[in-house]
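Right, one structure below, let's go through it.
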Amino acid sequence: MSRHLRLGINIDHVATVRNARGGSYPDPVRAALLASQSGADGITAHLREDRRHIRDNDIARLCASLEIPLNLEMAATDEMLKIALRHRPHAVCIVPERREEQTTEGGLDAIGSHNHLAPFVRELSRAGIRVSLFIEPETHQLDAAISLGVPVVELHTGSYCDASGSEREVQLAKIVSAAAHAEKAGLECHAGHGLAFDTVGPIAAIPNIAELNIGHFLIGEAIFRGLESAIRHMRSLMDGARASALGPAVRGERQ
Ligand code: PXP
């Protein structure tokens, strides 16, 4: 159970805007530094095979300038493994990747890809990089992640965010139960994908989740209110939901 819920800011879509004009503005590294001054506990960047947003040089520059942890999202390919081993970020989150997808559409198939993933987990861990697997909040995927020996899983919150009404409750219950299962197995549990101001509260209230990774919504919201304000508001919604969930005794207040 974690009192402080960490916030990782995904800066990919600052690079999307930059790449729309082919130049160097806006700079995702500048956004990362501003995020770290605005309440982010970490920065996440996804180096995709097609380099549609983050590029190799962004990863090098992030490693050189960040004072908070970098979480590199990558597919399990030999090219990405080499890049990760060269830069040695604090963490790597292994994600599935399909060229034709607009975003990471689902979690990894940790069961079907067990033999493919195992050497990546081994090599990255041996280099001292904390490895997580991005999976759907399903018991059999968690069990496969546990058997691969990763210290962290990140639960895909996309289905929860996309759902409405009673279906959203069903999706939330899956995340609650997967997070409890992960903690029981000794794994640190993260969550992310599609989170926004109106969906973050119930996820932040799940006490066994230690970190949320949020990108697209906050970069979009930055257009209207600025990045610092968007991050600070997200931070306060997360902290408020976590404090209410833990209750006055755990918050250290007088009864
Ligand atoms: N976590 C992982 C593993 C992701 O792949 C992404 C999207 O790149 C995110 C979190 C953030 O999702 P979003 O940009 O929808 O907030």
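All values derive from a computational prediction rather than experimental measurement.
- Here the CD1-CD distance, from Ile175 to Glu136, works out to 9.0 Å after rounding to the nearest 0.5 Å.
- In the hydrophobic clustering of ILVMFWY residues, with side-chain heavy atoms under 4.5 Å counting as a link, Leu237 and Ile203 come out together.
- Shown here for Pro96 and Gly106, the closest heavy-atom pair between the two residues is CG-O, 3.1 Å.
- Salt-bridge check for Arg48 with Glu73: failed, with every basic side-chain N at 4.0 Å or more from each acidic carboxylate O.
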Test log, rule side-chain contact (heavy atoms from CB on, under 4.5 Å), inputs Leu172 and Ile206:
CA-CA 10 Å; Leu172 179 62; Ile206 302 170; 4.2 Å; yes

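- Looking only at side-chain heavy atoms (C-beta outward), Asp27 and Val14 stay at 4.5 Å or farther from each other.
- At least one side-chain heavy atom of Met238 sits under 4.5 Å from a side-chain heavy atom of Leu212.
- Residue His87 qualifies as enclosed at atom NE2: its count of foreign heavy atoms under 6.0 Å is above 12.
- Considering all non-hydrogen atoms of both residues, Ala84 and Pro89 come closest at O-CD, 3.5 Å.
- Ion pairing between Arg51 and Glu79 holds under the 4.0 Å rule for side-chain N and carboxylate O.
- Leu155 CG to Asn208 CG: the interatomic distance, rounded to the nearest 0.5 Å, is 10.0 Å.
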Take Asp198 and Phe217, measure what side-chain contact (heavy atoms from CB on, under 4.5 Å) needs, and give me the verdict at the end.
CA-CA 11 Å; Asp198 64 341; Phe217 172 80; over 6 Å; no

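- Between Asp58 and Arg61 there is a salt bridge, with a side-chain nitrogen of the basic residue lying less than 4.0 Å from a carboxylate oxygen of the acidic one.
- Going from atom CG of Asp50 over to atom CG of Leu47 covers 9.5 Å, rounded to the nearest 0.5 Å.
- Between the side chain of Arg18 and the backbone N or O of His53, at least one donor-acceptor pair lies under 3.5 Å.
- Using modelled atom types and a 3.5 Å distance limit, the side chains of Asp109 and His114 yield no donor-acceptor pair.
- Residues Glu183 and His181 have side chains that never bring a donor and an acceptor to within less than 3.5 angstrom of each other.
- Note on Glu169 versus Lys174: no salt bridge recorded, every NZ/NE/NH1/NH2 to OD/OE distance being 4.0 Å or above.
- Proximity of a side-chain donor or acceptor of Ser229 to a complementary backbone N or O of Gly226 within less than 3.5 Å is not detected.
- Hydrophobic clustering of Ile, Leu, Val, Met, Phe, Trp and Tyr side chains at less than 4.5 Å, counting indirect connections, keeps Ile209 apart from Phe134.
- A donor and an acceptor atom, one from each side chain of Asn10 and Thr44, are nowhere located under 3.5 Å apart.
- Side-chain contact check for His46 and Glu97: at least one donor-acceptor pair (N or O, by modelled atom type) lies under 3.5 Å.
- Here the straight-line distance linking atom CZ of Phe197 with atom OG of Ser236 works out to 8.0 Å at 0.5 Å rounding.
- Without hydrogens or angle criteria, Ser113 side chain to Ala110 main chain gives no donor-acceptor distance under 3.5 Å.
- Each of Leu187 and Val95 belongs to its own hydrophobic cluster when Ile, Leu, Val, Met, Phe, Trp and Tyr are linked at side-chain heavy-atom distances under 4.5 angstrom.
- In plain terms, the two heavy atoms of Gln37 and Arg232 that are nearest each other are O-NH2, 2.9 Å.
- The two atoms that bring Leu218 and Leu227 nearest to each other are O-CD1, 4.2 Å, heavy atoms only.
- Cys93 SG to Arg130 CZ: the interatomic distance, rounded to the nearest 0.5 Å, is 9.0 Å.
- Side-chain atoms of Glu221 never come within 3.5 Å of backbone atoms of Ala230 as a donor-acceptor pair (strictly under, hydrogens ignored).
- Residues passing the side chain to side chain donor-acceptor pair (under 3.5 Å) test with Glu167, sequence neighbours excluded: Gln171.
- The two atoms that bring Ile54 and Pro28 nearest to each other are CD1-CB, 4.3 Å, heavy atoms only.
- Checked against a 6.0 Å centroid threshold, the rings of Tyr160 and His156 do not count as neighbours.
- Between Ser65 and Val29 the shortest heavy-atom distance is OG-CG1, 3.4 Å.
- Ile59 has its side chain out of reach of Asn57: every pair of non-hydrogen atoms, C-beta onward, lies at least 4.5 Å apart.
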Pair Asn213, His193 - check side chain to side chain donor-acceptor pair (under 3.5 Å), show working.
CA-CA 7 Å; Asn213 284 300; His193 201 93; over 6 Å; no

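- Looking only at distances, a side-chain donor or acceptor of Thr157 sits under 3.5 Å from a matching main-chain atom of Gly192.
- Put simply, the side chain of His190 never gets that close to the backbone of Ser132: no donor and acceptor are under 3.5 Å apart.
- A salt bridge links Arg235 with Asp41: the distance from a Lys NZ or Arg NE/NH1/NH2 to an Asp or Glu carboxylate oxygen falls below 4.0 Å.
- Val152 and Ile94 fall into different hydrophobic clusters, where Ile, Leu, Val, Met, Phe, Trp and Tyr residues are linked whenever their side-chain heavy atoms come under 4.5 Å apart, directly or through other members.
- Remark: Ile43 CD1 to Leu72 CG distance equals 13.0 Å, nearest 0.5 Å.
- Hydrophobic clustering places Leu70 together with Leu34 (ILVMFWY residues linked when any side-chain heavy atoms are closer than 4.5 Å, directly or through intermediates).
- Residues Asp78 and Phe120 meet the side-chain proximity criterion, which asks for heavy atoms closer than 4.5 Å.
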What do the steps show when you test His4 against Arg6 for side-chain contact (heavy atoms from CB on, under 4.5 Å), and what is the final call?
CA-CA 6 Å; His4 178 70; Arg6 291 198 305 271; 3.8 Å; yes

Might you work through the side-chain contact (heavy atoms from CB on, under 4.5 Å) test for Ile83 and Asp56, ending with a clear yes or no?
CA-CA 8 Å; Ile83 292 170; Asp56 300 59; 3.5 Å; yes

